[in-house]
Number of protein chains: 2
Amino acid sequence: MIIGVCEDDPAIRRLLAEALRFAGHETVMAHDGGEALRLFGADSGIDVMVVDIGLPDSDGRDVCQALRSAGQNAPVLFLTALGATHDRLAGFGAGGDDYVAKPFELKELIARLEALGRRGRPPLSTTAGLDLDPARHAARTPSGEVLLTPTEFRMLAAITSRPDEVVRRRTVIAAAWPEGAVVAENTVDSFMRRIRTKLESIGSPVSIETVRGVGFRIR
Amino acid sequence: MIIGVCEDDPAIRRLLAEALRFAGHETVMAHDGGEALRLFGADSGIDVMVVDIGLPDSDGRDVCQALRSAGQNAPVLFLTALGATHDRLAGFGAGGDDYVAKPFELKELIARLEALGRRGRPPLSTTAGLDLDPARHAARTPSGEVLLTPTEFRMLAAITSRPDEVVRRRTVIAAAWPEGAVVAENTVDSFMRRIRTKLESIGSPVSIETVRGVGFRIR
DNA sequence: GCCAGACAGTCAGGTGGCGTTCAGGAAGTG
DNA sequence: CACTTCCTGAACGCCACCTGACTGTCTGGC
């Protein structure tokens with residue numbers, strides 16, 4: 001299992017790295033929210049994430065939401081020093097799947113992570129008859145399957161994560177490119193065309209609709 | 001099941017020998033690290049190993065790593081007088097699979113050993129028409145057989161363990177090199193080429209596909 | 001001690017895939 | 001009709017990867 005850990009405290013980071021490796025898992029480490037967004041993308045292959053709520057550059061719950069809108073929907077376990085109920089609930093509200101307070105029992109944390117991971121890697125979106133398979137970098141429909149390049153995959157993931165909703169160009173760019181990247185407006189169109197072509201090539205029943213002046217929507 | 005035991009204390013050695021034989025297993029005994037290296041090699045047929053961390057001539061964790069790099073990848077259970085968490089973790093980091101503190105409950109130890117043995121090492125798959133033979137470090141297909149070096153074998157095993165899935169470069173590195181090893185990015189490519197060449201040389205029907213920017217996939 | 005062979009790892013050069021851009025046309029909007 | 005936005009096809013260039021050869025280390029045999 002590949003586990004993404006976002007935690008600023010070096011001691012805890014190292015502890016988790018060793019313990020998880022020991023338990024037979026691979027880890028990807030991030031020490032702040034920005035790095036997490038870069039490393040934990042939809043095509044990162046990550047099965048479960050551990051995110052500290054109190055990060056130096058942002059709130060872990062915001063990080064989680066940003067990842068969600070980038071199409072990443074692996075389960076998230078929040079780490080926090082706070083034990084109050086409303087904080088716990090806020091964590092769940094932000095798309096979290098579990099919650100552990102610091103200081104935590106290592107064994108318990110790992111057990112919970114494995115439980116979350118065992119639920120299986122959810123196909124990113126079976127919505128609208130379109131499956132995204134991060135393990136294979138592929139998009140699948142009842143009628144066939146195509147392989148996508150990393151960027152294509154991230155873009156498509158960002159759109160399919162919100163079926164029937166209009167996803168703004170800006171959002172697509174934020175999901176598919178690292179923060180601060182400068183891309184010509186047109187680049188999105190080019191990729192969109194390639195994705196559409198690939199989907200057509202397998203006779204996909206779903207298509208990407210463009211909402212002029214706003215963005216795109218899956219249908 | 002054949003169980004290798006490396007332990008300097010004669011009393012514990014005798015205790016384990018009797019108990020394991022009683023439980024229906026065969027044992028191979030070593031008094032120190034040097035002997036363990038000679039007796040527990042990759043071709044020793046040993047299924048599981050019990051290694052004391054506090055050996056007269058060396059640290060059990062070093063012994064374990066030495067055995068690993070000699071191609072021995074049977075599961076290891078560490079025995080130690082230390083109970084502190086960081087020692088436990090260090091044992092895991094050295095390639096251990098389980099850990100029992102002395103004095104131990106005989107029943108529990110045997111149960112854990114049997115669990116390790118049963119789990120086996122990743123049942124190196126017959127997937128996709130490609131057989132991996134850990135004992136001989138060989139890859140076999142309907143059309144022939146080639147011998148692989150230890151590193152080649154570990155890499156190929158990492159890829160074949162997930163047929164049709166993209167295995168990331170860093171996953172391959174994690175599988176083929178000890179933790180913290182620094183290898184040039186290029187090294188993976190070199191080995192990959194050697195593996196592909198060997199597979200071709202026997203006219204293998206399966207081949208390793210590369211997914212640019214992500215990793216490799218068996219096909 | 002010396003040599004031969006096997007294996008791990010590195011380096012430099014070439015290639016192609018993928019990300020990116022551009023220009024021209026089509027479609028939507030006022 | 002003027003203007004904007006998006007589609008379409010083609011082309012470019014970088015970088016990840018491939019490829020072949022080389023170096024260094026270790027082991028076993030004479």
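Remember, it's a predicted structure, so these values are computed and weren't measured experimentally. Below, chains carry the letters A, B, ... as their sequence lines are ordered, and counting in each starts from 1.
- Here the P atom of nucleotide dA23(C) and the CD atom of Glu185(A) are 17 Å apart, to the nearest Å.
- Remark: P of dC17(D) and CZ of Arg168(B) are 12 Å apart, rounded to the nearest angstrom.
- At least one side-chain nitrogen or oxygen of Trp177(A) sits closer than 4.0 Å to the OP1 or OP2 atom of dT20(C).
- Between the C1' atom of dT27(D) and the CG atom of Leu37(B) lies a distance of 15 Å, rounded to the nearest Å.
- Taking atom CD1 of residue Ile195(B) and atom C1' of nucleotide dC18(D), one finds them 14 Å apart after rounding to whole Å.
- One atom, CG of Asn186(A), and another, P of dT8(D), lie 12 Å apart when rounded to the nearest Å.
- If Val211(A) and Arg194(A) are placed on DNA chain D by their nearest nucleotide, the residue sitting closer to the 5' end is Val211(A).
- Within 4.0 Å (heavy atoms only), Thr187(B) reaches at least one base atom of the nucleic acid.
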**Message:** Pair Arg136(A), Glu145(A) - check salt bridge (charged side-chain N to carboxylate O under 4.0 Å, His left out), show working.
**Reply:** CA-CA 10 Å; Arg136(A) 309 182 54 182; Glu145(A) 182 185 90; 3.2 Å; yes

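- The side chain of Ser190(B) lies closest to dT10(C) when the candidates are dT10(C), dC18(D), dA8(C).
- Side-chain contact of Thr149(A) with Thr151(A): a donor-acceptor pair under 3.5 Å is absent, judged by distance alone.
- Side-chain N/O atoms of Thr149(A) include one lying less than 4.0 angstrom from OP1 or OP2 on dG19(C).
- When the P atom of dC6(D) is taken as reference, atom CD1 of Ile173(A) falls 11 Å away, rounded to whole Å.
- One N or O on the side chain of Asp97(A) and one on the backbone of Val76(A) form a donor-acceptor pair closer than 3.5 Å.
- Ring geometry for Phe191(B) against Trp177(B) counts as perpendicular: the plane angle is over 60°, on a 0 to 90° scale with 30° as the lower cut.
- If you take CG of Asp189(A) and P of dA10(D), they are 18 Å apart, rounded to a whole angstrom.
- For the pair Arg212(B) and Lys198(B), nearest-nucleotide mapping onto DNA chain C gives the more 5' position to Lys198(B).
- The side chain of Thr151(B) places an N or O atom within less than 4.0 Å of a non-bridging phosphate oxygen (OP1 or OP2) of dA8(C).
- For the residue pair Ser44(A) and Arg170(B), the shortest heavy atom distance occurs at O-NH2, 3.4 Å.
- In this structure, the CZ atom of Phe153(B) is 13 Å from the P atom of dA8(C), given to the nearest Å.
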